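Below: one structure, written as C-alpha cells.
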Amino acid sequence: EDNLNSLREAMGVLQHHDAITGTEKQHVAADYARLLNRGFNQCSTATKTALNKLANNDTNNSSTAVEYQQCQFNISECTVSENENSFVVTIYNPLSRPVNNYVRLPVLHDNYEVHDPEGKKIATETISLPKAILNIPGRDSKATQEILFLAENLPPLGFKTYYVSKTEGVVSNKTHQEFQANPNKNS
Amino acid sequence: NGDVEVTKGDIGLTYNEETGLLTGIKMNGEYIPITQKFLLYRGFIGNNGNSANRSSGAYIFRPNDSNVYTVSEKATIETYLGSLIVEIRQTFSDWISQTIRLYCSENFVEFDWIVGPIPTDGGNGKEIITRYTTTLKTNSTFYTDSNGKEILKRVRNFRPTWDLNVFENASGNYYPVTSKISIRDETNGLEVAVLTDRPEGGSSLSDGEIELMIHRNCFADDSFGVGEALNEYAYGKGLVVRGSHYFSSGSFLKLTGDQTLASQQKDIAQRKLLRAWTFLAPTDGLSFKEYK
C-alpha cells in the first residue's frame, strides 16, 4: 500500500485543472514532474512483486525473484538494454484480448538476437536512432540504435517474456537497406 | 512525376523526391493524395486590457492573425527499408524532424515527430501545428472525440445552438482532440482520421484538411491567472516534445476483412492508449535454457 500511495497522491494532485491543461507556473510544472517520477519509482516495487507473482517466482527468495525494471523509452534510454549482454523483456498486455506489439529497445551495438518464450529465434532489426533523439536535453544514454521485434499474440491481461542476447561478430545476413539519403526512385 | 512509392504489407505511401514531402497514402485499398507540413502561428501579444487585446498564453490560443507560416517547404529525407518496418525520416529544420513508419501487419501509418526547442526569435511566440491536406470534399465538417467516447460533429464557423459570428478564424474553430479527429467525403464514402497519443487542439480550417497543434511557446501572460508567460523549459532549454499520430484512411462504407473502418480505428486507439507495458531484467549471464 505504501508503495502505491505515492503515485495515488501524485495522481490526486494532478487532477487539478492546472495540471490537466498546462496552466501552471514553471516551478509547479517541475514539481508535478518530480511527484510523478517519485510515484513511478515507488510503484515499480509493486509491479515487480506483481509480475513475480504472475510468473510464479518465489519473491522471498532473492535467487528466483526477478528484478524487473522499466525504462524511459520516450527518450530511447534504458540502463538494462544498453549495459547487459543478455536480458529478458517481459511484455504485459493490459487489454482483455490478444494483441501484437512492436518492441523497441535502445542499444549500443547492432548484433543482437531475440528468442521467443519457446526459444525460437525471431526476426529482429537494428535501426539507428534519429539525430534529434540523441540531442534531447537531459537524455543520459550512449545508445545510438534500437532493436525492433514483434511480440506476437500477447495473451489478454497476461504477458510473454523474450530473451535478448548479444551475439559475437557482425550480423552478416542483413535483410534491410540502411538509411539512404535522397534515394533514387528506381531503387 | 518525381514521386517515390514505398510499400509494406497492404499499406503504401508516396513522397516527392524533390521536396521530401508526403504526396499520398494507400491503405484499405484506397489511395488518397495527401500532403503533410509543419507550420506555425505567431502568438498575439497585447496588453490584456480587453478581449481584443488579450495575449495568446497558457489559457488561450490566439494567433496574431489567421496567417500560418511554413517552417520549411522541403525536408531532407532518409529511408530505411527493412523486413519488419519501413521508415521514412524527414528533417524539416534543426528543431523539427519526423519519422514516418509503415509496419508489416499493421493497419495505420505512424508519424513520430520530434519538435523543439522552439526558437525564441521574432518577438511573438510560435504555436506549432502539423497539417494533413487531402482532396476530400468535406463540406466544412469535421469530427472530434470527447474523452475518447462520443464522436462530435463540428461545422466550421457554426454552433448548433446560437448564431455565430467568427472574428478569429483559426482559434474560433479549434476544438479539443482527446484521441481522434477525422474528416469524411460523403459523396465518395472516404474517411481520413488521425489518432493522437495525447490530447491536442485541432481543427479543419479548409475542406479536406486536418491540423493539430503539437507544441507552443508564448512570451506574454494572458492575464487569466497563471501570471507567467508559457515558455516551458527543462535543463535550461525549451522543451523538446516527441509524439505520434496514427493515420487511418479508407472507405467508411465497405468492410475491410471482417472490420469496418470505425472498428479498425477503435482497435488502434485501444492498443495505443492502453499500450502494452515493457519490463526488462538482466539475466546474470544465464543462457535461454538456464534462465527458462
Side-chain angles (χ1 to χ4, degrees), chain A residues 18 21-26 29-30 47 51 66-71 73-75 78 80-81 84-95 99-103 105 115 119 123 125 127 130-133 136-138 148-151 154 163 165 175-183 185, chain B residues 2-5 17 20 57-59 76-85 87 89 91 94-99 103-106 112 114 117 224-228 230-237 239-240 242 270-271 274-283 285-289 291-292:
Chain A
D18 280 354
T21 55
T23 46
E24 75 279 42
K25 284 179 187 282
Q26 175 66 50
T47 44
L51 270 174
V66 177
E67 274 299 306
Y68 294 106
Q69 293 177 39
Q70 285 183 282
C71 289
F73 293 122
N74 60 335
I75 52 169
C78 183
V80 179
S81 61
E84 299 289 333
N85 286 332
S86 65
F87 55 91
V88 288
V89 186
T90 297
I91 302 139
Y92 177 80
N93 170 19
L95 294 175
V99 295
N100 294 339
N101 182 57
Y102 281 93
V103 181
L105 305 168
H115 291 86
E125 296 198 34
I127 308 167
K131 285 186 196 83
I133 292 284
I136 287 178
L148 171 84
F149 65 90
L150 177 62
L154 295 170
Y163 182 92
S165 56
T175 54
H176 66 265
Q177 184 182 323
E178 194 47 84
F179 279 106
Q180 198 184 355
N182 298 319
K185 65 181 171 184
Chain B
D3 281 359
V4 182
E5 183 181 5
E17 208 175 16
Y59 284 86
T76 60
I77 201 159
E78 293 176 300
T79 58
Y80 173 94
L81 310 172
S83 53
L84 293 173
I85 195 171
E87 291 198 355
R89 213 165 268 178
T91 305
D94 56 359
W95 56 279
I96 296 186
S97 61
Q98 173 176 259
T99 305
Y103 295 90
C104 75
S105 74
E106 280 292 10
D112 178 5
I114 302 169
F224 273 127
V226 69
E228 197 175 84
L230 181 78
N231 187 17
E232 196 174 353
Y233 60 87
Y235 302 95
K237 290 183 177 172
L239 286 193
V240 177
R242 182 188 194 182
Q270 282 183 351
R271 287 190 292 127
L274 279 170
R275 67 179 68 210
W277 309 350
T278 306
F279 300 88
L280 288 95
T283 59
L286 297 177
S287 67
F288 174 83
K289 219 172 172 183
Y291 190 86
K292 196 172 183 186

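The structure presented is a predicted model; accordingly, all values stated were derived computationally and were not measured. The figures here come from the full heavy-atom set of this structure, side chains too, leaving out hydrogens, waters and symmetry mates. All chains are named by letter (A, B, ...) in the order of the sequence lines, taking the proteins before the strands, and each is independently numbered beginning at 1.
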With a 4.5 angstrom heavy-atom cut-off, which part of [X] approaches chain A: side chain, backbone, both or neither?
| X | value |
| --- | --- |
| B:I114 | side chain |
| B:V240 | side chain |
| B:I96 | neither |
| B:N231 | backbone |
| B:K292 | side chain |
| B:F224 | neither |
| B:T278 | both |

Point to revise | Contact summary for B:A281 and A:V80, nearest pair of heavy atoms | key: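 Looking at all heavy atoms of both residues, the closest pair is C-CG1, 4.1 Å.
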
Practice item. Please name the pair of heavy atoms, one in A:T23 and one in B:A58, separated by the smallest distance, quoted to 0.1 Å. Key: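 Scanning both residues completely, I find the closest heavy atoms to be CG2-O, 3.5 Å.
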
Heavy-atom pairs under 4.5 Å with chain B are the metric here; pick the option from [options] that has the most.
| options | answer |
| --- | --- |
| A:A30, A:C71, A:C78, A:G119 | A:G119 |
| A:Y102, A:Y68, A:F87 | A:Y102 |
| A:P94, A:S165, A:G22 | A:P94 |

Nearest 0.5 angstrom please: [X] [atom1] to [Y] [atom2], how far?
| X | Y | atom1 | atom2 | result |
| --- | --- | --- | --- | --- |
| A:N100 | B:R271 | CG | CZ | 7.5 Å |
| A:I133 | B:R242 | CD1 | CZ | 3.5 Å |
| B:L81 | A:E125 | CG | CD | 10.0 Å |
| A:K131 | B:R89 | NZ | CZ | 8.5 Å |
| A:L150 | B:L84 | CG | CG | 7.0 Å |
| B:L230 | A:Q26 | CG | CD | 9.0 Å |

Point to revise | side-chain contact (heavy atoms from CB on, under 4.5 Å) involving A:N85 - partner list, sequence neighbours excluded | key: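 A:N85 satisfies side-chain contact (heavy atoms from CB on, under 4.5 Å) with A:K166 only.
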
Point to revise | Region of A:T47 in contact with chain B, defined by heavy-atom distances below 4.5 Å | key: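 When you check distances to chain B, only side chain atoms of A:T47 fall under 4.5 Å.
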
Review point. Where on A:I91 is there a heavy atom nearer than 4.5 Å to chain B: the side chain, the backbone, both, or neither?
Key: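 A:I91 touches chain B through backbone and side-chain heavy atoms alike.
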
Exercise for review: Between chain A and each of B:L286, B:T99, B:T91, count heavy-atom pairs under 4.5 Å; write down the option with the most.
Suggested key: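 Result: the option with the highest number of such pairs is B:L286.
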
Point to revise | Heavy-atom pairs under 4.5 Å with chain A, option from B:G57, B:G20, B:C104 with the top count | key: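 The residue among B:G57, B:G20, B:C104 with the greatest pair count is B:C104.
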
Practice item. Would you please classify the geometry between the B:Y291 ring and the A:Y163 ring as parallel, tilted or perpendicular, with 30° and 60° separating the classes? Key: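 Correct class here is tilted.
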
Check your understanding: When you look at NZ of B:K237, are more than 12 heavy atoms from neighbouring residues, nucleotides or ligands closer to it than 6.0 Å?
Key ->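 No, not enclosed.
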
Review point. Under 4.5 Å between any side-chain heavy atoms of A:E84 and B:T283, yes or no?
Key: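 Sidechains of B:T283 and A:E84: no contact.
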
Check your understanding: Is there a side-chain contact between B:E87 and A:L148, using heavy atoms and a 4.5 Å cut-off?
Key ->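 A side-chain contact is absent here, since even the closest heavy-atom pair is not under 4.5 Å.
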
